[in-house]
Number of protein chains: 2
Amino acid sequence: MAKRVTIIDVAEAAGVSRQTVSRAMNDAWGISESTRRKVLEAADRLGYRPSRFARNLVTREKTHALGVMVASFGNPYYTDIAASLLAAAAERGWQIMLTAGESGVEEALSLLAPQVDVIVGHFGIADERLRDVCGGLPVVRMESEVPHDAERLPGFHSVGLDMQSGIQEAVKELRDRGARRFGMVESGHFQRYFGTYEPSARRRWYEEAVGEALSGVVIGDESISGGGRAFAELMERHPDTDAVLMFNDLMALGAVQSAHALGIDVPGRVRIVGVDGLSLGEAVDPPLTSIALDRDELARHVMDIVEILAGADFARIDPIERSVPSRLLWRGSA
Amino acid sequence: MAKRVTIIDVAEAAGVSRQTVSRAMNDAWGISESTRRKVLEAADRLGYRPSRFARNLVTREKTHALGVMVASFGNPYYTDIAASLLAAAAERGWQIMLTAGESGVEEALSLLAPQVDVIVGHFGIADERLRDVCGGLPVVRMESEVPHDAERLPGFHSVGLDMQSGIQEAVKELRDRGARRFGMVESGHFQRYFGTYEPSARRRWYEEAVGEALSGVVIGDESISGGGRAFAELMERHPDTDAVLMFNDLMALGAVQSAHALGIDVPGRVRIVGVDGLSLGEAVDPPLTSIALDRDELARHVMDIVEILAGADFARIDPIERSVPSRLLWRGSA
DNA sequence: ACAAGTTTCGGGAAGGTTCACGATAGGGTC
DNA sequence: GACCCTATCGTGAACCTTCCCGAAACTTGT
């Protein structure tokens with residue numbers, strides 16, 4: 001194992017002191033041009049690289065780092081969120097260290113944790129395991145629903161998404177435009193995950209909003225193709241459906257494609273509404289109507305919490321829970 | 001300015017030594033349950049957080065950090081690349097610290113640089129400025145074309161994209177399928193950037209490949225809508241065009257939408273080919289045919305270089321230049 | 001009760017850098 | 001030549017944690 005080249009090695013090689021090397025490297029004031037060149041040459045020859053840890057240690061670590069974990073980076077839902085987070089963090093002078101949970105949440109986290117001050121993300125594992133793997137770091141969870149009243153461990157905070165208002169608004173708008181029979185494609189994710197099916201909050205709010213006008217609900221995979229298949233099944237089993245809420249935009253994209261393939265006019269024959277408000281939804285034809293998560297506000301909330309946590313004594317702070325409202329993004333598909 | 005709570009403060013508060021506090025925090029072996037609790041309680045009370053820099057300093061900084069800068073995180077081209085980079089980096093045990101250049105490339109870089117070992121990305125600024133702002137860190141550039149023979153500064157490496165083979169392949173395939181008149185929508189980006197227009201490598205390769213069969217070239221904005229407008233203009237000015245190369249997939253998306261709006265059948269009346277191979281291209285209808293950048297291979301090359309650079313003595317390494325080939329991704333739009 | 005072993009804890013050092021300040025040398029002024 | 005000033009460079013300390021190893025305390029066996 002090659003020993004690290006330190007500032008002292010360079011100093012000796014150049015025949016000067018540490019301090020002089022430091023001055024040369026940071027092109028500081030108080031060093032003659034000739035010795036600077038001499039030192040730089042020696043550093044070059046030895047392949048010297050200052051240790052960023054030693055440097056940050058002594059410069060009082062002014063920069064804060066935020067660890068962000070998303071489930072998958074191939075999913076536009078997460079990249080959109082990461083984009084907003086990145087912007088909000090940059091605005092407040094935080095650096096973002098990013099990782100994805102695709103191949104081992106715990107391993108990725110244990111690598112990320114020692115490098116950052118706070119961790120935020122979608123994890124899909126329980127608080128207890130999270131605490132073990134994060135080494136006591138404060139954690140901010142981004143939930144896909146309003147945080148339920150679960151007992152949070154200390155040091156665990158969350159920002160949830162309140163979809164009730166958005167769903168109500170969407171149903172009202174659909175009604176105003178003449179929709180009479182409301183269907184929904186629900187996610188099978190929970191079921192696959194927990195074994196037992198439990199209706200999602202989205203479904204509960206939707207059913208409450210449409211009441212008697214519900215035509216049917218079909219469960220599908222959380223993917224474009226899964227959404228397409230489920231949509232086709234829904235239309236076959238409940239042909240009178242003229243408005244559909246898709247569990248998310250990815251599935252809604254599949255539904256639009258599927259409708260096109262089946263010769264079903266959108267939004268003429270059936271109106272399709274997604275959830276998430278992906279920017280990707282603008283790129284398709286017709287552009288996707290969606291109940292949008294305001295990602296910038298989400299990011300703002302996250303950064304608010306993060307800064308509270310970073311402001312010393314985080315350990316004494318009670319779990320913070322916030323939620324961001326959704327809003328209807330009326331585009332072409334409904 | 002509140003002084004930092006150190007391990008010594010906790011030790012004094014708990015009436016033990018540093019070492020014991022360290023043991024308690026890292027739940028190491030060799031400490032009784034009662035003292036552990038006592039220490040943890042004291043740490044909690046004081047709001048103690050171990051310094052990640054001091055810790056990493058002594059644990060010999062085994063984890064390497066890669067700084068990644070992309071132009072914009074809202075652009076799927078960059079997020080796709082970031083995704084591949086993230087996967088490749090995770091595979092080799094590197095952490096990724098991400099930033100975007102949207103609001104100030106230099107400022108973002110100067111924040112990023114002290115935190116990482118190598119920097120890679122799309123920058124849009126000259127080597128000289130980059131060197132100043134990165135403090136001598138080695139840099140890997142991702143180029144949108146094959147690295148030209150510019151004089152690279154030492155410490156600057158690059159991976160470029162070789163599009164010639166992909167474009168040739170695409171033109172051949174289009175010919176085989178009956179295309180006779182070839183148009184292109186070119187990017188106006190260079191022109192806006194440098195004032196003076198210079199044909200892109202894509203255009204040069206394309207014109208060389210189609211030869212006499214070129215119907216016309218129109219310049220457009222590098223965006224969905226810009227692509228749509230330019231495509232419409234191309235079809236109006238050169239109505240005999242039956243195959244179009246769009247400068248990139250984003251613009252191609254606009255072209256497909258525009259064609260739809262104009263009642264032009266794709267690919268029946270005109271075949272549309274994009275460049276980049278965005279995963280987003282699969283989500284639209286018809287799915288986008290594209291000359292794809294193999295992002296995983298790009299990421300592999302980048303990580304290869306990065307690991308070479310990290311392996312000591314980087315300063316003595318001559319600029320490395322690599323290029324990744326493109327390949328034709330035949331989907332529905334051509 | 002004593003020896004031996006085990007558990008628990010502390011002191012000194014290391015890790016690589018920057019900061020504050022003191023030391024040295026050379027040049028100019030009188 | 002004494003004095004001061006400035007430009008340049010070096011020494012000790014600090015930053016905060018973990019590792020190594022020895023000391024102390026406690027447990028067990030006889």
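- Atom CZ of B:Arg55 and atom P of C:dT17 are 21 Å apart (whole Å).
- Rounded to an integer number of Å, the gap from A:Arg18 CZ to C:dT17 P is 11 Å.
- Spacing between atom CD of A:Gln19 and atom C1' of C:dG16 amounts to 13 Å, rounded to whole angstrom units.
- Side chain of B:Val58, nearest nucleotide from D:dC9, C:dG10, C:dA14: C:dA14.
- In this structure, the separation between CG on B:Leu130 and CD on B:Glu128 is 9.5 Å, given to the nearest 0.5 Å.
- We find that CZ of A:Arg36 is positioned 10 Å from P of D:dT8, with the value rounded to whole Å.
- Set against C:dG16, C:dT18, D:dC20, the side chain of A:Leu57 has C:dG16 as its closest nucleotide.
- Protein atom CG of A:Asn56 is 15 Å distant from nucleotide atom P of D:dT17, rounded to whole Å.
- Under the rule for a side chain to side chain contact (heavy atoms under 4.5 Å, CB included), the partners of B:Ala14 that lie at least two apart in sequence or sit in another chain are B:Val16, B:Val39, B:Ala42.
- Note: CZ (A:Phe53) to C1' (D:dT17) measures 13 Å, nearest angstrom.
- For the atom pair CZ of A:Arg92 and CG of A:Asp304, the computed distance is 4.5 Å after rounding to the nearest 0.5 Å.
- Around CD of A:Glu41, the count of heavy atoms belonging to other residues, nucleotides or ligands within 6.0 Å exceeds 12.
- Direction of the helix axis in the helix from C:dA1-D:dT30 to C:dC30-D:dG1 shifts by 40° between the two five-pair termini, rounded to 10°.
- What separates CG of A:Asn26 from P of C:dT17 is a distance of 10 Å, to the nearest Å.
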